[in-house]
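Worksheet: the structure to be examined is printed underneath.
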There are 2 protein chains.
Amino acid sequence: MSFLEKYLVKHNPSFESLQEFISNYQNTHMLIIFVSCKVFYTGRAKSTLSWGDHLIIRKKDGTLLIHGSNKREPINWQPPGSSLKSKCRRNLILISRRRHPKEEIKIVISKIYFAVAVDCREGKFQILGTENQMVQQVIAKPYLLEEGFTPLKREFQTPYGNIDLLGKDKKGTFVIVEFKRGKAQLSAVSQLKRYVEYLQKKHPVRGILVAPGITKSAEELIKKWGLEFKKWLSKAS
Amino acid sequence: MSFLEKYLVKHNPSFESLQEFISNYQNTHMLIIFVSCKVFYTGRAKSTLSWGDHLIIRKKDGTLLIHGSNKREPINWQPPGSSLKSKCRRNLILISRRRHPKEEIKIVISKIYFAVAVDCREGKFQILGTENQMVQQVIAKPYLLEEGFTPLKREFQTPYGNIDLLGKDKKGTFVIVEFKRGKAQLSAVSQLKRYVEYLQKKHPVRGILVAPGITKSAEELIKKWGLEFKKWLSKAS
DNA sequence: GCCTAGGTCCCGTTC
DNA sequence: GAACGGGGCCTAGGC
């Protein structure tokens, strides 16, 4: 591939030709390969994918994705850091391994439709609207939570888990604040309860769950457990 | 594309040519497009991806994936069911929308390296080693949990959440069993505690967490709360 | 390396 | 549609 080329396509390459292609480009390029194959995964779980057409993507960081004709999720995958080896037998076999945990994917390829190597230089990514930003807003403007609130510690660590935001209310009582960027569910309530149970062994403490909404059961549970829910208005800024 | 062809490649297509390509194939084929673009997402959160080379995958179920040069996760995406429209301006603009929640991705393309439409017929997928199978094993061989255990109800629903497995021990005391396929963490303990708190309002009850391992803090918490941990040996079958 | 918790989580299932 | 919980979750951040 010349210096100026962004990509290189091989149509219907032979097994040997694809092996060479992979070893030439796997460390510098993203590989996109469309094949007829079956796949075996073994590791934390175990799976088989029977013969079919699948799209294989291999990134230079070691990521391996095997996509089918639908769904956002790959059918099989290997995360960054995984190795890739190939063997040529009756079929072409690709094996990707990771160490921790020990996991392996074996792709048995009977037919290669095409393979592309691309030189991919991605842009910079920025995101807004995360939970972290809710916390930052409350730290900057504590009255958004309630009048008289004073933030003390972000990500306060306890043996029961890490508290999003610890503070005190206007009376000086400790307040544990748990933030959720989406509708709060039962698990958010137990999470908050867990922190409260820890701290209340030492001090009187209030627990407040901050979220744009809450499910019915979560709301009933939070009341039953003497905790508070504060609806978060995203335009509060 | 002829009946027998598995795929069709366009090299450096014009904007208009890609628009036609997309409208011809988006309902029947998976599209794989490598471009120089920037991306704007708005919906549950908001993000921007600045100019760079990115791989766009569009599946016929509406899934949209925008991949960069590393990581398993797409930089931006849209799940199945999303629409796709294109506009030709100074740049080529692709817009993908979903209704619930209302979310939009805008891809502004300045250069198209190549586009492929593939006819993808995926194989059948099977997986072993899930939590569900742990539960099935205990239902089939209750003594694997403990001598005298009797399973009563799988996925027993309560206002505090759904219990993996409800049963009775040899003394007739209710037992709530929570299974984890990996190492159990703090959240698993609070989850179990939540169910126990519900049921113990009505009956005496034990809570057992079953997993191949447990973190230090989770183990301390489970003891403190009077719950039990049962180590799961995967070869128990 | 372990552990905690978020995520535009996705996804299946159940009501 | 709402909600609950699993996932080979992945990923980031602490220690």
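Numbers restart at 1 for each chain; the letters A, B, ... are given by sequence-line order, proteins then strands.
OP1 or OP2 of dC9(C) sits under 4.0 Å from a side-chain N or O of Arg44(B). Contact annotation: Tyr195(B) side-chain N/O to dG5(D) OP1/OP2 distance is under 4.0 Å. In terms of phosphate contacts, Trp77(A) brings a side-chain nitrogen or oxygen within less than 4.0 Å of OP1 or OP2 of dC10(D). Distances shown here put every side-chain N or O of Thr130(B) at or beyond 4.0 Å from the OP1 or OP2 atom of dG8(D).
In the interface, the side chain of Glu131(A) is not paired with the base of dG6(C) through any donor and acceptor atom under 3.5 Å apart. With hydrogens and angles left out, the side chain of Asn76(A) and the base of dG8(D) share a donor-acceptor pair within 3.5 Å. A donor and an acceptor atom never sit less than 3.5 Å apart when one is taken from the side chain of Asn162(B) and the other from the base of dT14(C). Side-chain atoms of Gln157(A) stay outside donor-acceptor range of the base of dG13(D), with no qualifying N/O pair under 3.5 Å.
Closest to the side chain of Ser217(A), out of dC4(D), dC10(D), dG7(D), is dC4(D). Taking every side-chain heavy atom of Gln185(B) into account, dT4(C) is the closest of dC11(C), dT4(C), dA3(D). Nearest nucleotide to the side chain of Lys71(B), out of dA3(D), dG8(D), dA12(D): dA12(D). For Glu73(A), counting side-chain heavy atoms from C-beta on, the closest listed nucleotide (dG8(D), dT8(C), dC11(C)) is dC11(C).
Across the C1' atoms, dG6(C) and dG7(D) are found 15 Å apart, a figure rounded to whole Å. Look at the C1' atom in both dG5(D) and dC9(D): the space between them is 13 Å, to the nearest Å.
Using a 4.0 Å cut-off between charged nitrogen and carboxylate oxygen, Arg72(B) and Glu73(A) count as a salt-bridge pair.
Toward the 5′ end of DNA chain D lies the nearest nucleotide of Glu178(B), the other residue of the pair Glu178(B) and Arg72(B) mapping further downstream.
Using bins of under 30°, 30° to 60° and over 60° for the plane-to-plane angle, the ring pair Tyr160(A)/Trp225(B) lands in the perpendicular bin.
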